[in-house]
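Proteins get letters first, then strands, A, B, ... in listed order; numbering begins at 1 in each.
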Amino acid sequence: MVVAYVLNQPHEFITHNQTYPKIPETDHHSNQKEHECISLIKKCKNLDEFKQIHGHVFKLGLLWSSSFCASNLISTCALSQWGSMDYACSIFDQLDDPCSFDFNTIIRGHTMEMSSDQALLAYLDMLEIGVEPDSFTYPPLLKACASLSAAGEGMQIHGHVFKHGLVGDVFVHNSLINMYGKCGLLRDSCAVFDQMEVKTVASWSAVIAAHASLGMWGECLRLFFCMIRDGGWRPEESVLVSVLSACTHLGRLDLGRCIHGYLVRNLSGLNAAVETAVVDMYIRCGSLEKGMSLFQEMVGKNHKSFSVAISGLASHGRSVEALVVFEEMIKVGLRPDDVVYVSVLSACSHAGLVQEGVKYFERMRKEHRIEPTVQHYGCMVDLMGRAGLVDEAHELIKGMPMAPNDVVWRSLLSACKIHQNLELGEVAAERLMELNGKNAVDYLMLCSIYAQAGRWEDVSLGWVRMGRVGVGKEAGTSAVLVGGKLHRFVSNDALHHPLRGEIREMVHQMEWQLRFEGYEADTSQVVMNVGEEEKRERLRGHSQKLAIAFALVSTSKGSVVRIVRNVRMCSDCHTYTKMISVIYERHIIVRDGNVYHHFKHGTCSCRDYCMPPPRLAGDDLKTRVVDALRRYYYKEKEFGIFIGLNDVYTV
DNA sequence: ATAGGGTTAG
């Protein structure tokens, strides 16, 4: 903010042509030496060599007489791989009359080192001394603003761009698009883009990336199509990374496949970033096998590639494999970071591997020196809560070194819903309300607990409360990809689909078949105080059933059905889909928030773990886990250190 | 005379 204030002050620029003395044209001897020095500077391969050349230049007196020599020293030192920003600054500070090139170098160097505030301060110095910024000053400076999310400073600098007459520069404008996007000011970002008379691929990349980073996936794809259709641009790697990310989030496996094909056909080799984006796209669009086989073939796997694979396997219910890949990651010498551990803990959680989860939680701190964040605690609460250890999960929350956030309390509430713990569920819900929660799911989970306990007054009170706070239940939707088009169905809504007749007929036929196999609607999750028949009617209208019916009438026998949901499915849809998978012999993959259910031969890959009624958590397991945790707490409290489960998970 | 913009997860 101080920077914004200073930037806002009026200032005058000295507009002389050169701020340094010119070398006399006649001095051929000195000119030749200068050329020699510059070529030596550019040949440097490490800092030691560079320091020697620096001394040489100093001895020849060129540091003072040739500003061009000094500029080259600074830029080489600041921008090379082996360079040192500190050393470059020390040379810079000795200059009597630094020119705009020198300032540009320093600003760029700081930006590349992620010292964004230093870059801004260097710019202020530049203004103060009266050196005129040019079109090379702004791209790195705007990048610094972008990484600081400094919208105020960014806007001031945008003003300076006008003032210095740089409105025609494509590079500066592309940086502005990016800066506004990173600051979350999408309208300004688009405004700069729209006003540009001459655009380049990078302009499109920047505006598409801006939409992608703010989660506007549909708009991201629309812009991409504009770019290649109307603009006639050939897409290149960087923009395709944003588009792949949009496909990933929208579940557009069809488009993602096209892009993968395009990349393979048009590029000789993919870099790790792009390849990881492709792997992530396949996995999160439901095609785990394809994603994993590409991952296995990858040569330059980095820790992000591993992270994608581990969380992918975990979300598809393949927890043990996720842990195997984690061990493999360590074996090849990559150090796991906090994000990878979130995936590892969630893998344990999905599979009910409580003890392993506790072990990994410890190993993270002891072996890899990563302090658990609120996210890791969230995973642990989920891990214990799902396994039925709700009181223990509550204890863990109480002992957290930081304030629990909504995710933590929501995990507990969800566990209370699964395991019918009304008392603790109320506590968790209360905390969520205190955190100013406007999440309809929280209210609905509490209502569901009340409904299962038959406390209908409390259920209706919950609905009243929702109305008062102004949150509405989001209608459940299921989208299914058929014939290159996404068909979206809404729960208990008027069916507008062109095939509505066939779909209704199919829904009827499916239920008839299911009943024949012993299916009975599970009305326990319907949070409405209405008669049984009406509850069954509500369940019949759930979007997932409509989507499956549509998929069955419009796709060939045996093909995989892929569904993307917006809210978590109910237990009735879960049971229903399992039975459909066996009766109609279909592999049905449902993306349910961040997890995937593979329904096949009458079973689900989640092993029903997120669905009531409570399972596992036999007394034996429960006692062992409680013991482990107790050791954890008391030893740490008494001795200030933790002595616990040291043995490493092996597979 | 020296140089520059857009790049994946949770």
Side-chain angles (χ1 to χ4, degrees), chain A residues 22-23 31 34-35 38-39 41-42 66-76 78-79 99-109 111-112 134-143 146 166 169-179 181-182 189 192-193 196 199-210 212-213 227 233 235-249 270-281 283-284 291 302-312 314-315 337-346 373 375-376 378-379 407 594:
Chain A
K22 273 201 166 178
I23 309 148
N31 233 332
E34 188 186 9
H35 271 109
I38 289 163
S39 75
I41 293 168
K42 296 206 163 148
S66 159
S67 143
F68 194 64
C69 227
S71 292
N72 271 292
L73 274 175
I74 296 168
S75 69
T76 306
L79 308 173
C99 63
S100 61
F101 180 88
D102 301 321
F103 272 107
N104 293 349
T105 302
I106 292 298
I107 292 172
R108 196 155 100 88
T111 304
M112 278 164 61
D134 58 25
S135 65
F136 288 86
T137 312
Y138 291 102
L141 192 62
L142 288 165
K143 195 175 186 158
L166 299 170
D169 193 280
V170 190
F171 289 83
V172 173
H173 277 72
N174 291 344
S175 305
L176 281 167
I177 297 171
N178 180 46
M179 182 275 294
K182 292 271 156 59
S189 186
V192 175
F193 177 77
M196 283 173 78
K199 297 179 175 76
T200 62
V201 193
S203 322
W204 285 97
S205 288
V207 79
I208 289 170
S213 67
M227 169 185 164
W233 293 97
E236 42 149 79
E237 235 180 66
S238 71
V239 75
L240 291 175
V241 170
S242 299
V243 178
L244 273 172
S245 178
C247 295
T248 305
H249 286 90
L270 302 186
N271 68 36
V274 183
E275 219 168 340
T276 303
V278 173
V279 169
D280 193 39
M281 183 278 296
I283 293 179
R284 287 169 63 196
N302 59 23
H303 83 278
K304 279 181 181 173
S305 330
F306 273 98
S307 182
V308 162
I310 294 166
S311 70
S315 62
D337 66 354
D338 54 333
V339 182
V340 174
Y341 264 108
V342 170
S343 306
V344 170
L345 294 178
S346 73
T373 66
Q375 269 194 65
H376 298 106
C379 291
V407 180
N594 276 329

Distance-only criterion, 3.5 Å: show the donor-acceptor pairs between side-chain atoms of residues 303-310 of chain A and protein atoms not counting sequence neighbours.
from: A:His303; atom 1: NE2; to: A:Asp337; atom 2: OD2; distance (Å): 3.3
from: A:Ser305; atom 1: OG; to: A:Thr276; atom 2: OG1; distance (Å): 3.2
from: A:Ser305; atom 1: OG; to: A:Asn302; atom 2: N; distance (Å): 3.0
from: A:Ser305; atom 1: OG; to: A:Asn302; atom 2: O; distance (Å): 3.4
from: A:Ser305; atom 1: OG; to: A:Asn302; atom 2: OD1; distance (Å): 2.8

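Closest contact between the side chain of A:Phe136 and the listed nucleotides B:dG4, B:dA9, B:dT8 involves B:dG4. In the set B:dA1, B:dA3, B:dT7, the nucleotide with an atom closest to the side chain of A:Arg108 is B:dA3. Here the side chain of A:Asn271 is nearest to one of B:dT7, B:dA9, B:dA3, namely B:dT7. Nearest to the side chain of A:Ser175, among B:dT8, B:dT2, B:dG5, sits B:dG5. Which of B:dT8, B:dA3, B:dG4 sits closest to the side chain of A:Phe101 comes down to B:dA3. Listed nucleotides: B:dA1, B:dG4, B:dT8. Nearest to the side chain of A:Ala273: B:dT8. Among the nucleotides B:dT2, B:dA9, B:dT8, the one closest to the side chain of A:Asp337 is B:dA9. Comparing B:dT2, B:dT8, B:dA3 by their closest approach to the side chain of A:Val241 singles out B:dT8.
Atom pair A:Met112:CE and B:dG4:P shows a separation of 9 Å (rounding to whole Å applied). The nearest whole Å value for the distance from the OH atom in A:Tyr138 to the C1' atom in B:dG5 is 16 Å. Separating the CD1 atom of A:Ile107 from the P atom of B:dG4 is a distance of 15 Å, rounded to the nearest angstrom. Distance, A:Phe103 CZ to B:dA3 P: 20 Å, rounded to whole Å. When the P atom of B:dG5 is taken as reference, atom CG of A:Leu166 falls 16 Å away, rounded to whole Å. With rounding to whole Å, A:Glu34 atom CD is found 11 Å from B:dT2 atom C1'. As a whole-Å value, the separation of A:Leu142 CG from B:dA3 C1' is 16 Å. Atom-to-atom, NZ of A:Lys42 to P of B:dA1 comes out at 13 Å; the value is rounded to the nearest Å.
A:Thr200 comes within 4.0 angstrom of a base, heavy atoms only. Using a 4.0 Å heavy-atom criterion, one finds that A:Val201 contacts the bases of the nucleic acid, with or without backbone contacts as well. Within the nucleic acid shown, A:Asn594 has no heavy atom closer than 4.0 Å to any nucleic acid atom. A:Asn104 comes within contact range of at least one nucleobase, with a heavy-atom separation under 4.0 Å. At the heavy-atom level, A:Ser135 lies under 4.0 Å from base atoms of the strands shown. Within the 4.0 angstrom heavy-atom criterion, base atoms lie near A:Val170. As judged by a 4.0 angstrom heavy-atom cut-off over every strand, A:Asn72 is placed among the base-contacting residues.
At least one side-chain heavy atom of A:Ser75 sits less than 4.5 Å from a side-chain heavy atom of A:Phe101. Put simply, the side chain of A:Gln375 does not reach to within 4.5 Å of the side chain of A:Val407, judged on heavy atoms. Using a 4.5 Å heavy-atom cutoff, the side chains of A:Glu237 and A:Leu240 are not in contact.
A close approach under 4.0 Å does occur between a side-chain nitrogen or oxygen of A:Lys182 and OP1 or OP2 of B:dT7. A:Ser245 has a side-chain polar atom (N or O) that falls below the 4.0 Å cut-off from OP1 or OP2 of B:dA9. Contact check, A:Arg284 against B:dA9: no side-chain N or O comes under 4.0 Å of OP1 or OP2.
A:Asn174 contributes no side-chain N or O that forms a donor-acceptor pair with the base of B:dG4 under 3.5 Å. One cannot find a donor-acceptor pair under 3.5 Å joining the base of B:dG5 and the side-chain atoms of A:Ser205.
Side-chain contact annotation: A:Thr200 with A:Ser203, donor-acceptor N/O pair under 3.5 Å present. Residues A:Asp102 and A:Thr105 have side chains that never bring a donor and an acceptor to within less than 3.5 angstrom of each other.
You cannot call A:Phe68 stacked on the base of B:dT2; the centres under 5.5 Å and planes under 30° rule is not satisfied.
Interatomic distance, NE2 of A:His173 versus NZ of A:Lys199, reported as 11.0 Å (0.5 Å rounding).
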